[in-house]
Trainee: 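Sending over a structure as structure tokens; questions will come in a sec.
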Amino acid sequence: MARLAQTAGLTDIQQEILSTVRDFVDKEIIPVATELEHRDEYPQQIVDGLKELGLFGLMIPEEYGGLGESLLTYALCVEEIARGWMSVSGIINTHFIVAYMLKQHGTQEQKDHFLPRMAAGDIRGAFSMSEPGLGSDVSAITSKAVKDGEEYVLNGQKMWLTNGGTSSLVAVLVRSDEGHPEGSAPHKSMTTFLIEKEPGFGEVRPGLTIPGKIDKMGYKGVDTTELIMDGLRIPADRVLGGVTGRGFYQMMDGVEVGRVNVAARGCGVAQRAFELGVQYAQQRHTFGKPIAQHQAIQFKLAEMATKVEAAHAMMVNAARKKDSGERNDLEAGMAKYLASEYCKEVVEDAFRIHGGYGFSKEYEIERLYREAPMLLIGEGTAEIQKMIIGRRLLEEYRFQG
């Protein structure tokens, strides 16, 4: 098992961080994950442990109290955490995307105000683009902000907000037509607002309501919610970057690194599924020998391990591309697409190896079987990834006729 998904060229510090996270996952997450997931219970003790490890500030610069690590280090940590329980990696990811957007696009005042407390884990971040009538079609956003003196008034309903209840800072993308005449490109009239709120459900600040948790097939424990804005007043200095009309680009930049994160989650879940499958195959006997000695099972294990290795390599490549300062939407799209599809296939093969026991809630693979589908749609469906990949390939291989 240890031979799979190794990453060459890591520094001593990166290896030390990963070793610490791996130990934490093995001791603090895996033993309790299935029980907490079945109860749909927020893993407060696990989150507190991650806070103590400094993971909420992993990529936040040292000047703001973070560790100042690379996207690659972060992605490899996410891979380890998802191997233990994917929901925990979701709690980290939404926080990380908001911190990344602040670091890249925030005003100096916004960075000074938010990043130190985010690095300490005292402020937990969430972000929101989707609405009840749209997912990947961001241009169709109807939530709106209207300028009123030194404030903006926000109205609208958002959907699929991870960390909606437990977060205290939400980056929300809405339409703001100020300075953008009717008929202009939709993406030029989008603005990201930084909304501070109290954790919890119900009316968490005047004009802002978090109705409650959405009951999901999998991806439990982490709270997924709606967000309703009804006359929500936000100061103008809480426009991300201080200028309206840049929200679409800011969010897409965040989602781009988020796709690397989802790829890492797929790698982690697939690794755990392979571990469970290869262990069970050596314990279960049929026709007088362990099923691992049957050629059909060996073929299945070979395919599973190859998919784990391939997905990991693509995820690492996408992270390193971003860390180098180069555009990585092609690599991130490929990694997210491949890792999520392979994750689903590896989990299903592990499920098949378990036979009837895979259908029992006593076995961990049952949880993974319900969690894997979320990766097929999170941060853009497979179809969206293929659109991105196809367009970028046509840019790179433009026919000169």
Trainee: Under a 4.0 Å N-O cut-off, is there an ion pair linking E35 with R39?
Mentor: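 A salt bridge links E35 with R39.
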
Trainee: Charged N to carboxylate O below 4.0 Å: is that the case for E395 and R392?
Mentor: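 Yes.
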
Trainee: Side chains of L301 and F274: closer than 4.5 Å at any heavy-atom pair?
Mentor: yes

Trainee: Which pair of non-hydrogen atoms, one from M59 and one from L71, has the smallest distance, and what is that distance?
Mentor: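 Reported closest heavy-atom pair: SD-CA, 3.6 Å.
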
Trainee: Taking the side chain as every heavy atom from C-beta outward, state whether E69 and I13 have any pair of such atoms under 4.5 Å apart.
Mentor: yes

Trainee: Is the backbone of A5 close enough, under 3.5 Å, to the side chain of Q271 for a donor and an acceptor to pair up by distance?
Mentor: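 It does not hold such a pair.
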
Trainee: With side chain to side chain contact (heavy atoms under 4.5 Å, CB included) as the test, would you mind laying out the steps for V170 and K158 before giving the verdict?
Mentor: CA-CA 11 Å; V170 185; K158 310 298 281 187; over 6 Å; no

Trainee: Taking all non-hydrogen atoms of both residues into account, name the closest pair between R265 and S89 and its distance.
Mentor: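 Closest pair (atom of R265, atom of S89, distance): CD-OG, 2.9 Å.
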
Trainee: Is the number of heavy atoms from other residues, nucleotides or ligands within 6.0 Å of NZ (K147) greater than 12?
Mentor: yes

Trainee: Judged by atom type as modelled, is there a donor-acceptor pair below 3.5 Å linking the side chain of Q14 to the main-chain atoms of T11?
Mentor: yes

Trainee: Parallel under 30°, tilted from 30 to 60°, perpendicular over 60°: which one fits the rings of F96 and Y74?
Mentor: parallel

Trainee: With the side chain counted from C-beta on, respond yes when L58 and C77 share a heavy-atom pair under 4.5 Å apart, and no when they do not.
Mentor: yes

Trainee: Please state whether the rings of F359 and F351 are parallel, tilted or perpendicular, taking 30° and 60° as the class boundaries.
Mentor: perpendicular

Trainee: Mind listing the closest non-hydrogen atom pair of C267 and A339 along with its distance?
Mentor: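 In terms of heavy atoms, the two residues are closest at SG-CB, 4.3 Å.
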
Trainee: Please determine if R272 and E371 form a salt bridge, counting it only when a charged side-chain N lies under 4.0 Å from a carboxylate O.
Mentor: no

Trainee: Take V346 and D349 through the side chain to side chain contact (heavy atoms under 4.5 Å, CB included) test and state the conclusion after the steps.
Mentor: CA-CA 5 Å; V346 171; D349 281 341; 5.7 Å; no

Trainee: Is there a side-chain contact between L76 and V316 in this structure, where contact means two heavy atoms from C-beta onward sitting under 4.5 Å apart?
Mentor: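 Yes. Closest side-chain heavy atoms under 4.5 Å.
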
Trainee: Determine, for K51 against D122, whether the closest basic-nitrogen to carboxylate-oxygen distance falls under 4.0 angstrom.
Mentor: yes

Trainee: When you compare the side chain of W85 with that of L36, does any pair of heavy atoms fall below 4.5 Å?
Mentor: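 Heavy-atom side-chain distance check passes, below 4.5 Å.
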
Trainee: Does any non-hydrogen side-chain atom of E379 lie less than 4.5 Å from one of N261?
Mentor: no

Trainee: Determine whether more than 12 heavy atoms belonging to other residues, nucleotides or ligands lie under 6.0 Å from atom CD of E198.
Mentor: no

Trainee: For Q298, does the CD atom sit with more than 12 other heavy atoms under 6.0 Å from it, leaving out its own atoms?
Mentor: yes

Trainee: Are any of the side-chain nitrogens in K322 or E331 under 4.0 Å away from the carboxylate oxygens of its partner?
Mentor: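 A salt bridge is absent here (no side-chain N lies under 4.0 Å from a carboxylate O).
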
Trainee: Would you say D23 and S19 make side-chain contact, with heavy atoms under 4.5 Å?
Mentor: yes

Trainee: Going by the angle between their ring planes, with limits at 30° and 60°, are F56 and H95 parallel, tilted or perpendicular?
Mentor: perpendicular

Trainee: If I compare all heavy atoms of I234 with all of R205, which pair ends up nearest, and what's the gap?
Mentor: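 It is CD1-NH1, 3.7 Å.
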
Trainee: Count the heavy atoms of every other residue, nucleotide or ligand shown that sit under 6.0 Å from CG of D48, and state whether that count exceeds 12.
Mentor: yes

Trainee: Give a yes or no on whether a salt bridge exists between K220 and E37, defined as a side-chain N under 4.0 angstrom from a carboxylate O.
Mentor: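 Judged by the 4.0 Å cut-off on N to carboxylate O distance, K220 and E37 do not form a salt bridge.
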
Trainee: Between L208 and L227, does the side chain to side chain contact (heavy atoms under 4.5 Å, CB included) criterion hold? Intermediate values first, please.
Mentor: CA-CA 7 Å; L208 181 64; L227 180 148; 3.6 Å; yes

Trainee: Does Q6 reach the main-chain N or O of L4 with its side chain, forming a donor-acceptor pair under 3.5 Å?
Mentor: yes

Trainee: Could you tell me whether the side chains of R367 and T34 share a donor-acceptor contact shorter than 3.5 Å?
Mentor: yes

Trainee: Between K336 and G258 (side chain of the first, backbone of the second, donor and acceptor by atom type, cut-off under 3.5 Å), is there such a pair?
Mentor: no

Trainee: Given the rule in the side chain to side chain contact (heavy atoms under 4.5 Å, CB included) test, do F193 and L232 qualify, once you have shown the distances and angles that lead to the verdict?
Mentor: CA-CA 11 Å; F193 285 86; L232 173 64; over 6 Å; no

Trainee: Between the side chain of H105 and the main-chain N/O of K103, is any donor-acceptor distance below 3.5 Å?
Mentor: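 Such a contact is absent between H105 side chain and K103 backbone.
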
Trainee: Around E109, counting heavy atoms of other residues, nucleotides and ligands shown, do more than 12 lie under 6.0 Å from its CD?
Mentor: yes

Trainee: With the threshold set at 4.0 Å, does a side-chain nitrogen-carboxylate oxygen contact exist between K321 and E326?
Mentor: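 A salt bridge is present here (some side-chain N lies under 4.0 Å from a carboxylate O).
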
Trainee: Work out which heavy atom in L102 is nearest to a heavy atom in K111; give both atom names and the distance.
Mentor: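 That would be O-CE, 3.4 Å.
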
Trainee: How about R83 and I29: do any of their side-chain heavy atoms sit closer than 4.5 Å?
Mentor: no

Trainee: Report yes or no: does E364 contribute a side-chain atom to a donor-acceptor pair with the main-chain N or O of L276 at less than 3.5 Å?
Mentor: no

Trainee: Say whether, by atom type as modelled, one donor and one acceptor occur between the side chain of N163 and the main chain of I91 under 3.5 angstrom.
Mentor: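 Flag set: sc N163 to bb I91 pair under 3.5 Å.
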
Trainee: For G164, is there any backbone N or O sitting under 3.5 Å from a side-chain donor or acceptor partner on D223?
Mentor: yes

Trainee: Within a 6.0 Å radius of atom CD on E362, are there more than 12 heavy atoms belonging to other residues, nucleotides or ligands?
Mentor: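 Atom CD in E362 is not crowded, with 12 or fewer foreign heavy atoms closer than 6.0 Å.
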
Trainee: Closest approach of G277 and I353, non-hydrogen atoms and distance?
Mentor: O-CG2, 3.7 Å

